[in-house]
> 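Following this message is one structure expressed as structure tokens.
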Amino acid sequence: MIKISAKNVDVFYGKKQALFNINLDIEENQVTALIGPSGCGKSTFLRCLNRMNDVIDICKVQGEIVINDFNINDKGCDVVRLREKIGMVFQKPNPFPKTLYENISYGPSIHGMAQSKQEMDEIVEISLKKAALWEEVKDRLHEPGTGLSGGQQQRLCIARAISVQPEVILMDEPCSALDPIATAQIEELIDELKKEHTIIIVTHSMAQAARVSQRTGFFHLGELIEHGLTDKIFKNPDNTKTQDYITGRFG
Amino acid sequence: MNKNKEKLLAKRYSSEKRFQFLGKSAIFMALLFLAFFIFKIFSTGYTAFQKTWLIVPVNFDAETMYLDANPSKEDLEDADYFEISLQSMFNLDKNANEKQQNELKKMVSYFFEREIKQELINDPSLLGKTKEIYLTASDDLDQVFKGNYPRDLPEKQRRVTDYQLKIFDQLVEQGKVESKFNLSFFTYPDSREAELAGIASSFMGSIFSILVCLVIAFPVAVLAAIYLEEFAPKNRFTDFIEVNINNLAAVPSIVFGLLGLGILLAVFQLPRSTPLVGGITLSLMTLPTIIIACRASLKAVPPSIREAALAMGASRMQTTMHHTVPLSMPGTLSGTIIGLAQALGETAPLILIGMVAFVNTIPGSPMDPAASLPVQIYIWAESAERGFVEKVSACIMVLLGFLIIMNLFAQIIRHKFEKKWS
Ligand SMILES: Nc1ncnc2c1ncn2[C@@H]1O[C@H](COP(=O)(O)OP(=O)(O)OP(=O)(O)O)[C@@H](O)[C@H]1O
Ligand SMILES: [Mg+2]
């Protein structure tokens, strides 16, 4: 089933166009990887999906992005509700400088998801368990989140993102600041999360894209060159640029 | 070729040495001036914290005071203390002629009658007895006792007569002169008599002024800074505002004083010489300082924190109030305290709005006339009496102490509460 469908999306930073006529469908409960050389517009596209580009004054997004039969670029779209449904994990772990507990409970509390302290405790525990962090931190929930290691911080950010039970999770190079062991943990986690969430991940690692994703889109200079099943893109791409990039001849 | 290189190297080393030497001597000079200044202030000022008392026997004679044997409290309040007070001073020299008696009276402060009265009210059983009582010495004798008074001047040029000195020296010999901690310096308001002048009025005036200043400037400045930094669109108009806030911070303070005079006093008819008007005037001055500090600390909050909150579905307002503003508070608060410390040291605008008037009452609210510490320094420095010289230094010490405490507080807030983000 198609969860997100981008139609004729153009993005401009001031006068400079960063994305050209992107058309891409994202399948529900699958992992979609976005790959491509640096500066090709992967992050820009990802940020279109939860309207994070609104924050940048000079950024203009045109075209349709349909999620659950609703165009999020419509004037009537409520970004607060949208971002509750579409969570995001950033390249650099960015926990709030607050306790672990407060980091997780922030989303549910502003969206009024817990009626009592007990329910909140439950949400925090479940989120941390899903993010495979519970065992490591259950004794220090009230210590600052910034005191964790980089990999733990990134899992904390994932736990924070899933605490509001989003339908979609956007991940922008979530492992680029992590060592191979932490990366492996997160990849395992992504595999687990796709049962309940639709995941879109930007990555620079071909191996990672091949390992975790079912579908892949290849961006180059602001255009979506090719997209489809990961197996096909990696084994038998239609476009020579894709072929060159995957085999490491440029980018 | 090689020689040339060595020459060049030697030149580079020597220029570095020269530079270091200049830097070190600059620091040395600065420290020297500072040390000299502090030494001067302390050496002239520390005596102000001591006060000289004459111990004089007073005969609480009921008849002279028109009291019966068992007077009520009201009777004691209304009794005539003038005669016994005068008499006890005259008794210091039984052979004094009229002119000398007048000089005897002037050896103590004009408060002496009240000091004697207080003694009896505190202990009514003294009635009919004689007791030795501590009386505040006149400021000139105070200075004589502290060794600040040039005795070798010809009598005509002194405010202390040879006769007074003779009696005083006798008292000293008998151990009837004592120096004690000068509590009244902190509890009395200003006075024309140096021995009775204190900083209570100006201290309270300063406190009220900076409280008014804080209450007005802080919320306005923080709201302005938050709006400008987090919500306002970045365009020519907001750039223009930003430039003007920076300009406002550079406006000489006396201009704000004129503004207070022209608008607060003339147009709004607020009461003259009050900490209310002083505080409002100072708040105009402090406003840009706090806005700049608050904006700088908002800017220092990493954008990744804002993005994290927004991506969780927080609205812009929630992101600002839950995350950005709390994280910026340490910087804002320390900026505020530094702004207030500047305001505390301001003199010119307060003089313009009339806080330079002679005030001999302690203000109970910001609506009562008052002076302020720096203005008090100015007033006393203008006074001719020798007794005020040490008061000026002492008042400077109090002001400096106040400022040091505030700056320390700002440092502590900055270091203790500033969160470290990864
Ligand atoms: N805030 C911005 N203002 C102006 N231009 C921007 C901004 N963000 C991105 N761009 C431009 O848009 C283009 C796409 O950037 P984007 O960050 O989407 O690339 P990316 O594919 O994520 O690169 P990387 O792999 O290095 O993260 C780049 O040319 C970049 O210079
Ligand atoms: Mg990117």
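Here is the naming used below: chain letters follow the sequence lines, and residue numbers restart at 1 for every chain. Quick caveat: nothing in here was measured; it's all calculated off a predicted structure.
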> Can you see which heavy atom on A:Met88 is nearest to which on B:Ala311, and at what distance?
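Scanning both residues completely, I find the closest heavy atoms to be CB-CB, 4.0 Å.
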> For A:Gln165, does the CD atom have more than 12 heavy-atom neighbours from other residues, nucleotides or ligands under 6.0 Å away?
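Check fails, neighbour count at 12 or below.
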> Taking all non-hydrogen atoms of both residues into account, name the closest pair between A:Pro95 and B:Ile305 and its distance.
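Heavy atoms only, the tightest pair is O-CD1, 3.7 Å.
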> For A:Val80, is it the side chain, the backbone, both or neither that has a heavy atom under 4.5 Å from a heavy atom of chain B?
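Both backbone and side chain of A:Val80 come within 4.5 Å of chain B.
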> At their closest point, which heavy atom of A:Arg83 faces which heavy atom of B:Leu310, and how far apart are they?
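Between these two residues, the closest heavy atoms are CD-O, 3.0 Å.
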> With the threshold set at 4.0 Å, does a side-chain nitrogen-carboxylate oxygen contact exist between A:Lys92 and B:Glu307?
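Here A:Lys92 does not pair with B:Glu307 in a salt bridge, since their nearest N and O are not under 4.0 Å apart.
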> Would you indicate whether A:Arg81, at its atom CZ, is surrounded by more than 12 heavy atoms from other residues, nucleotides or ligands within a distance under 6.0 Å?
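Open: at most 12 neighbouring heavy atoms sit under 6.0 Å from CZ of A:Arg81.
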> Does CG in B:Leu34 sit with more than 12 non-hydrogen atoms of other residues, nucleotides or ligands closer than 6.0 Å?
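Correct, the count exceeds 12.
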> Centres of the B:His322 and A:Phe96 rings: under 6.0 Å?
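Here the rings of A:Phe96 and B:His322 have centres that are no less than 6.0 Å from each other.
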> For A:Arg160 and B:Ala308, work out which heavy atoms get closest and say how close.
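Heavy atoms only, the tightest pair is NH2-CB, 3.4 Å.
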> Tell me, for A:Ile86 versus chain B, whether the close heavy atoms (under 4.5 Å) come from the side chain, the backbone, both or neither.
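The answer is the backbone of A:Ile86.
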> Would you mind writing out the side-chain donor-acceptor pairs for residues 11-19 of chain A within the sub-3.5 Å range, not counting sequence neighbours?
unit_1, atom_1, unit_2, atom_2, d
A:Tyr13, OH, A:Thr44, OG1, 3.1
A:Gln17, NE2, A:Asp10, OD1, 3.1
A:Gln17, NE2, A:Leu19, O, 3.0

> Take atom CZ of B:Phe240 as the centre, draw a 6.0 Å sphere, and report whether it contains more than 12 heavy atoms from other residues, nucleotides or ligands.
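Atom CZ in B:Phe240 is not packed in, count stays at 12 or less.
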> How close do A:His111 and B:Gly313 get, counting heavy atoms only, and between which atoms?
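Minimum heavy-atom separation between A:His111 and B:Gly313: CE1-O, 3.5 Å.
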> Measuring only between side-chain heavy atoms, which start at C-beta, is A:Pro97 closer than 4.5 Å to B:Leu327?
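Yes, close enough: below the 4.5 Å cut-off.
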> State, yes or no, whether a side-chain contact exists between A:Lys98 and B:His323 at a heavy-atom distance under 4.5 Å.
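Answer yes - side chains close enough.
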> Which heavy atom of B:Ala314 sits nearest a heavy atom of A:Tyr106, and at what distance?
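Taking every non-hydrogen atom into account, CB-OH, 3.7 Å.
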